[in-house]
Amino acid sequence: MAARVRGDLVLHPVALVGLAVLLLNDHLLKAAAPGPVTGKLSDVAGLAFFPFLLLAAREVVLRRAPTPRSACVTAVLTAAVFAAVKLSGAARDIYAGVVGVLRYPVDAVVAGAGAPVAVLIQPDPGDVLAVVACAAVVLVVRRRDDVVARRPRAAAAAR
């Protein structure tokens, strides 16, 4: 088995599927079939992907491998911010502005935007149910730790 690379958790199949579904849904499916299904699909895919991205970034910056505890913290933080944005007008306004500023360089190059534009967020308290997708990162990190913990025992038993 190849050595781990810092931040490689973002390349886990669960994270990549979440990202692929999010991009496909937001750039193709929503235009072809706008409605509650494509809206919920974006929420679930994004909430499945984003904690992996945060945890990978944490690993790169802090040079510490993900642990089940750090995965739980990342999942809870992601879920809390998502819920706040969906349930609070003030949080929604702040988030929309910040994301608009972060997107601006790409929007300027791709669409010729002259200034940052706040993103549009539909306030839907029912979307908060999608936060269960954040648990995927915890399950993956726990399983990864279990596999690593079993490896030395399996090698010793083979001798």
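Counting begins at 1 with the first residue of the sequence. Just so it is clear, the model here is predicted, and its values are computed rather than measured.
Partners of Asp124 by side-chain contact (heavy atoms from CB on, under 4.5 Å), not counting sequence neighbours, listed by chain and number: Lys40, Asp127.
With rounding to the nearest 0.5 Å, the separation of CZ in Arg6 from CG in Leu62 is 10.5 Å. If you take OG1 on Thr38 and CG on Leu24, they are separated by 11.0 Å, rounding to the nearest 0.5 Å. Atom-to-atom distance recorded for Arg144:CZ and His12:NE2 is 7.0 Å, nearest 0.5 angstrom. Note that the CG atom of Leu54 and the CD atom of Glu59 stand 13.0 Å from one another [nearest 0.5 Å].
Of all the heavy atoms in Arg58 and Ala65, the pair that sits closest is NH1-O, 3.8 Å. Between Gly7 and Ala56 the shortest heavy-atom distance is O-CB, 3.4 Å. Nearest heavy-atom pair across Phe82 and Val131 is CD2-CG1, 3.8 Å. Of all the heavy atoms in Pro51 and Gly46, the pair that sits closest is CD-O, 4.3 Å. Between Val137 and Phe52 the shortest heavy-atom distance is CA-CZ, 3.6 Å. Looking at every heavy atom in both residues, Asp43 comes nearest to Ala130 through CB-CB, 3.9 Å.
Leu55 and Val138 fall within the same hydrophobic cluster, where Ile, Leu, Val, Met, Phe, Trp and Tyr residues are linked whenever their side-chain heavy atoms come under 4.5 Å apart, directly or through other members. One hydrophobic cluster, built from ILVMFWY side chains closer than 4.5 Å, cannot hold both Val60 and Val5; they sit in different ones. A single hydrophobic cluster is seen to contain both Val81 and Ile121, as judged by linkage of ILVMFWY side chains at heavy-atom distances under 4.5 Å, directly or through other members. Note: the hydrophobic cluster containing Leu102 also contains Ile94 (ILVMFWY, side chain heavy atoms under 4.5 Å, direct or indirect links). By the rule that hydrophobic residues join a cluster once side-chain heavy atoms approach within less than 4.5 Å of another member, Phe49 and Leu11 end up as members of one cluster.
Distance alone, capped at 3.5 Å, is enough to place a donor-acceptor pair between the Thr74 side chain and the Ser70 backbone.
Inter-residue side-chain proximity for Thr78 and Leu47 is flagged as met; some heavy-atom pair is nearer than 4.5 Å. The closest side-chain heavy-atom distance from Lys30 to Ser42 is below 4.5 Å. Taking the side chain as every heavy atom from C-beta outward, Pro125 and Lys86 never approach each other to under 4.5 Å. Cys72 has its side chain within reach of Arg142: a pair of non-hydrogen atoms, C-beta onward, lies under 4.5 Å apart.
Under a cut-off of 6.0 angstrom, the local environment of CZ in Arg103 is sparse, with at most 12 non-hydrogen atoms contributed by other residues, nucleotides or ligands.
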Throw together a table of side-chain donor-acceptor distances under 3.5 angstrom for residues 14-23, partners on residues two or more places apart or in other chains.
none

request  = Take Val141 and Thr67, measure what side chain to side chain contact (heavy atoms under 4.5 Å, CB included) needs, and give me the verdict at the end.
outcome  = CA-CA 7 Å; Val141 170; Thr67 64; 5.5 Å; no

